[in-house]
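Structure first, then comments.
Bear in mind that the values here come from a model prediction, so they are computed numbers and not experimental data. We number each residue from 1, following the sequence as shown.
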Amino acid sequence: MTDRISAERAEILALEALAWLAGRPDDIDRFLVASGLTAADLRRAAGEPELLASVFDFLLINEPLLLEFCESASTSFQTVHAARRRLEA
């Protein structure tokens, strides 16, 4: 069940999402603008739970982008939702 994702798996998935975004210059730029972060801020905070949650938030408000990530990561959007909730715990 996707609601039973571990904290470790949620963090790994968020890091995968961040790496995926980083490989898409236009999308990572939009993420930086939306989050108010600089590239240096992003590098400094890459593993922080708040940043990882914001990566999921960015994907979750853009369904086409979310679905592209899910396809590339071979995961479901339900898993991304569950991972986002897990990062809140």
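Of all non-hydrogen atoms in L15 and A46, the two that sit nearest each other are CD2-O, 3.6 Å. When all heavy atoms of L87 and E11 are compared, the closest pair comes out as CD2-CG, 3.8 Å. Minimum heavy-atom separation, A83 to A10: O-CB, 3.6 Å. Across every non-hydrogen atom of I28 and L21, the tightest pair is CB-O, 3.4 Å. Annotation for V55 and A14: closest pair CG1-O, 4.1 Å, computed over non-hydrogen atoms.
Scored by the ring pair (Phe, Tyr, Trp, His ring centres under 6.0 Å) test, F56 finds no partners at all (sequence neighbours excluded). Remark: R44 engages A40, D41 in a side chain to side chain contact (heavy atoms under 4.5 Å, CB included) (not counting sequence neighbours). The side chain to side chain contact (heavy atoms under 4.5 Å, CB included) test applied to S74 returns no partner, not counting sequence neighbours. Listed by chain and residue number, nothing satisfies the side chain to side chain donor-acceptor pair (under 3.5 Å) test with T75 (two or more places apart in sequence, or in another chain). The side chain to side chain contact (heavy atoms under 4.5 Å, CB included) search around N62 returns R30, P64, L65, not counting sequence neighbours. In this view, E16 and R9 satisfy the salt bridge (Lys or Arg N to Asp or Glu O under 4.0 Å) rule, not counting sequence neighbours.
In the hydrophobic clustering of this structure, L67 groups with L59; members are Ile, Leu, Val, Met, Phe, Trp, Tyr whose side-chain heavy atoms approach within less than 4.5 Å, directly or through other members. Linking ILVMFWY residues whenever their side-chain heavy atoms come closer than 4.5 Å, directly or via other members, leaves I12 and L66 in distinct clusters.
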Inset, instruction - In sequence, state the C-alpha distance, the side-chain angles, and the governing distance for L52 and L13, and then conclude on side-chain contact (heavy atoms from CB on, under 4.5 Å). - result: CA-CA 9 Å; L52 297 177; L13 187 60; over 6 Å; no
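Contact annotation: the side chain of V80 approaches that of L60 to within less than 4.5 Å [non-hydrogen atoms, C-beta and beyond].
For the ring-ring contact (aromatic ring centres under 6.0 Å, His included) condition, the pairs that include at least one residue of residues 30-50, sequence neighbours left out, are F31-F58. Judged as a salt bridge (charged side-chain N to carboxylate O under 4.0 Å, His left out), the pairs with a partner in residues 46-58 (not counting sequence neighbours) are, in order, D57-R84. Every pair passing salt bridge (charged side-chain N to carboxylate O under 4.0 Å, His left out) that includes a residue from residues 62-75 is listed here, sequence neighbours excluded: R24-E68.
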